[in-house]
Amino acid sequence: MKCRMCGFEFDETKLENRGCVSCGKHDNCNQVHCPNCGFGNHPEFEEEFEFIAKLKDKFRSRINGR
């Protein structure tokens, strides 16, 4: 995962408690906190942004293919 705040790349599966140290939610936290800056990244957004990026590429290739 790449942190959207600082750009640091890390493996979210290797973080203990999803990197949740200081957010206060602990049990109900659906974020993965960056080990570099502590920013709470939402894993769901990664999937959505990836889908949107693929759609944009598909549209661009259709427009350029004309």
Side-chain angles (χ1 to χ4, degrees):
M1 171 177 273
K2 186 174 184 178
C3 178
R4 285 187 290 286
M5 179 64 77
C6 70
F8 183 72
E9 292 191 35
F10 59 95
D11 185 357
E12 69 273 10
T13 61
K14 294 184 179 180
L15 293 176
E16 187 175 323
N17 294 327
R18 297 171 62 111
C20 191
V21 176
S22 61
C23 78
K25 293 181 183 178
H26 298 294
D27 293 333
N28 297 326
C29 186
N30 61 349
Q31 301 179 30
V32 177
H33 295 271
C34 174
N36 188 50
C37 70
F39 181 74
N41 296 278
H42 291 276
E44 300 85 33
F45 289 154
E46 293 296 321
E47 294 171 11
E48 290 177 23
F49 287 131
E50 184 178 323
F51 174 74
I52 292 169
K54 287 179 183 178
L55 278 177
K56 286 172 60 177
D57 290 341
K58 190 172 188 175
F59 287 133
R60 283 188 191 126
S61 67
R62 285 189 176 180
I63 290 171
N64 292 336
R66 290 184 179 181

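What you see is a predicted model, and the numbers here were worked out from it, not measured in a lab.
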query: Do Pro35 and Phe8 come within less than 4.5 Å of each other through their side chains, counting heavy atoms only?
result: yes

message: According to side chain to side chain contact (heavy atoms under 4.5 Å, CB included), who are the partners of Asp11, at least two apart in sequence or on a separate chain?
response: Thr13, Lys14

task: Apply side chain to side chain contact (heavy atoms under 4.5 Å, CB included) to Lys56 and list each qualifying residue two or more places apart in sequence or on a separate chain.
output: Ile52, Arg60

Where [X] and [Y] come nearest, the two heavy atoms and their spacing:
| X | Y | answer |
| --- | --- | --- |
| His42 | Arg4 | N-NH2, 3.1 Å |
| Gly40 | His33 | CA-ND1, 3.6 Å |
| Glu12 | Val32 | CB-CG1, 3.6 Å |

- request: List for me each residue that meets salt bridge (Lys or Arg N to Asp or Glu O under 4.0 Å) alongside Lys58, sequence neighbours excluded, and say none if there are none.
  value: none

message: Measuring from atom CG of Asn41 to atom NZ of Lys2, what distance do you get when rounded to the nearest 0.5 angstrom?
response: 11.5 Å

field: Atom pair SG (Cys3) and CZ (Phe10), whose distance is rounded to the nearest 0.5 Å
entry: 6.0 Å

